[in-house]
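On a predicted model such as this, the values are computed, not experimentally measured, just so you know.
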Amino acid sequence: MNTIRVWFTKTGEASYISHLDLQRVMGRAMRRAGLPVWYSLGFNPHIYMTFALPLSLGQESLVESVDFKTETPLDQLDFEGMAAALTEALPRGVDVKKIYPADTDPAAIASVKYQVRLPGDWMKAVEGYNALPEAIVEKKTKRGTKPLNLKEHIPAIEAWLRDGETCFTLTLPAGSAGLNLNPALLLQFMEGQWNLPARAAHLLRVGIFTQNGDKFLG
């Protein structure tokens, strides 16, 4: 049994496909593309799929991935052909960049990188955040909510203005074994403090990294 990784993008209108719907879409597309997927056993067989880091609704990404199992020997797989066929079967905005044998365990994921763009000049809000000694938000967990100090994970923001937008990058903790920090928490905090238009922000995930700093997808 081999584990195969699909590296894909999720941009534009596809960012509003929920994770649950994406699972259904990806499964149907794999079947239409004729990928040699392995099905689970039992009364309701389904394609064994594992998504590394489910993306929040409305956010875009250049680095999404899903793993599937196959019993086909690796030397009999046409990875480029599989990628082209799967892209053809997927909706607009979900494009396959590469299909290859999975070489890194998703459990090794430790951080993600986002590009953030906000319409207008919000440099004073950024400066205000940087000057704060702490920034407490309520983070939802499986057991309810708990206070979280954003400054422990985002001590400062380095922003710049470009084409009438305020831009910055964020590297945040992520992974199944630790804290998963959504960039929306920061934007919602800044909205409450400085009336920053959190809903107007464009969030693009551009990198996923392991505990030793290596790229998860490559």
Side-chain angles (χ1 to χ4, degrees), residues 7-11 15-16 18-19 51-65 97 104-218:
W7 172 6
F8 64 96
T9 66
K10 190 168 181 271
T11 59
S15 66
Y16 294 99
S18 71
H19 179 62
F51 289 81
L53 286 175
L55 192 67
S56 295
L57 193 68
Q59 297 180 8
E60 296 183 280
S61 177
L62 302 179
V63 285
E64 295 304 285
S65 73
K97 298 189 68 174
T104 308
D105 190 333
I109 293 174
S111 64
V112 293
K113 184 177 182 180
Y114 286 87
Q115 290 180 353
V116 183
R117 301 200 324 264
L118 284 157
D121 183 350
W122 293 96
M123 295 301 289
K124 288 186 177 180
V126 171
E127 292 169 1
Y129 175 85
N130 290 345
L132 292 176
E134 62 179 14
I136 306 299
V137 296
E138 292 293 323
K139 187 181 185 305
K140 292 182 179 179
T141 68
K142 293 180 179 179
R143 298 181 178 180
T145 61
K146 67 176 183 179
L148 174 75
N149 184 7
L150 290 173
K151 298 288 283 190
E152 294 180 359
H153 307 283
I154 313 171
I157 302 170
E158 295 184 11
W160 61 91
L161 291 174
R162 183 177 62 200
D163 299 329
E165 294 182 317
T166 302
C167 308
F168 54 90
T169 61
L170 294 172
T171 298
L172 305 173
S176 59
L179 174 69
N180 284 281
L181 193 56
N182 193 317
L185 279 175
L186 170 67
L187 298 176
Q188 290 164 6
F189 174 82
M190 296 178 73
E191 181 177 57
Q193 295 289 322
W194 297 282
N195 202 31
L196 178 144
R199 293 185 180 180
H202 176 262
L203 297 171
L204 177 67
R205 185 188 284 175
V206 295
I208 301 176
F209 304 95
T210 63
Q211 295 161 354
N212 58 11
D214 293 335
K215 291 182 179 179
F216 175 69
L217 297 174

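Of all heavy-atom pairs spanning Leu203 and Pro183, the tightest one is CD1-CG, 4.1 Å. The shortest non-hydrogen separation linking Trp194 to Leu132 is CH2-CD1, 3.7 Å. Across all non-hydrogen atoms, the minimal contact from His153 to Pro173 is ND1-CG, 4.0 Å. Of all non-hydrogen atoms in Leu118 and Pro197, the two that sit nearest each other are CD2-O, 3.7 Å. Scanning both residues, Ala125 and Leu196, for their nearest heavy atoms gives CB-CD1, 4.4 Å. Residues Asn149 and Ala135 come closest through the heavy atom pair OD1-N, 2.9 Å.
When atom types are taken as modelled, the side chain of Lys151 and the backbone of Ile136 share no donor-acceptor pair closer than 3.5 angstrom. At distances below 3.5 Å, not a single donor-acceptor pair connects side-chain atoms of Asn180 with backbone N or O atoms of Ala174.
Among residue pairs with one or both ends in residues 107-124, those qualifying as salt bridge (charged side-chain N to carboxylate O under 4.0 Å, His left out) are Arg117-Glu165; sequence neighbours excluded.
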Would you be so kind as to tabulate the donor-acceptor pairs closer than 3.5 Å made by side chains of residues 184-193, with sequence neighbours excluded?
none

What pairs of donor and acceptor atoms, side-chain ones from residues 56-63 against any protein atom, are under 3.5 angstrom apart with sequence neighbours left out?
{"from": "Ser56", "atom 1": "OG", "to": "Asn182", "atom 2": "ND2", "distance (Å)": "2.7"}
{"from": "Gln59", "atom 1": "NE2", "to": "Asn182", "atom 2": "OD1", "distance (Å)": "3.0"}
{"from": "Glu60", "atom 1": "OE1", "to": "His202", "atom 2": "NE2", "distance (Å)": "2.2"}
{"from": "Glu60", "atom 1": "OE2", "to": "Gly12", "atom 2": "N", "distance (Å)": "2.4"}
{"from": "Ser61", "atom 1": "OG", "to": "Val63", "atom 2": "N", "distance (Å)": "3.0"}
{"from": "Ser61", "atom 1": "OG", "to": "Glu64", "atom 2": "OE2", "distance (Å)": "2.6"}

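Note that the OG1 atom of Thr145 and the CD atom of Glu138 stand 4.5 Å from one another [nearest 0.5 Å]. Rounded to the nearest 0.5 angstrom, Ser65 OG and Trp7 CH2 are separated by 10.0 Å. In this structure, Thr210 OG1 and Asp105 CG are separated by 11.0 Å, a value rounded to the nearest 0.5 Å. With values rounded to the nearest 0.5 angstrom, Glu127 atom CD is found 11.0 Å from Ile157 atom CD1.
Contact of the Leu150 side chain with the Leu181 side chain is registered, since non-hydrogen atoms from C-beta on lie closer than 4.5 Å. Lys97 places none of its side-chain heavy atoms less than 4.5 Å from the side chain of Phe8.
Scored by the side-chain hydrogen bond (donor to acceptor under 3.5 Å, both in side chains) test, Asp214 finds Asn212 as partners (sequence neighbours excluded). Asp163 pairs by the side-chain hydrogen bond (donor to acceptor under 3.5 Å, both in side chains) definition with nothing, not counting sequence neighbours. In terms of the ring-ring contact (aromatic ring centres under 6.0 Å, His included) criterion, residue partners of Phe51 (sequence neighbours excluded) are, by chain and number, His19.
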* Walk me through it: do Leu53 and Phe216 pass the test side-chain contact (heavy atoms from CB on, under 4.5 Å)? => CA-CA 11 Å; Leu53 286 175; Phe216 175 69; over 6 Å; no
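The side chain to side chain contact (heavy atoms under 4.5 Å, CB included) test with Tyr114 is passed by exactly one of Thr169, Val206, Leu172, Leu204: Leu172.
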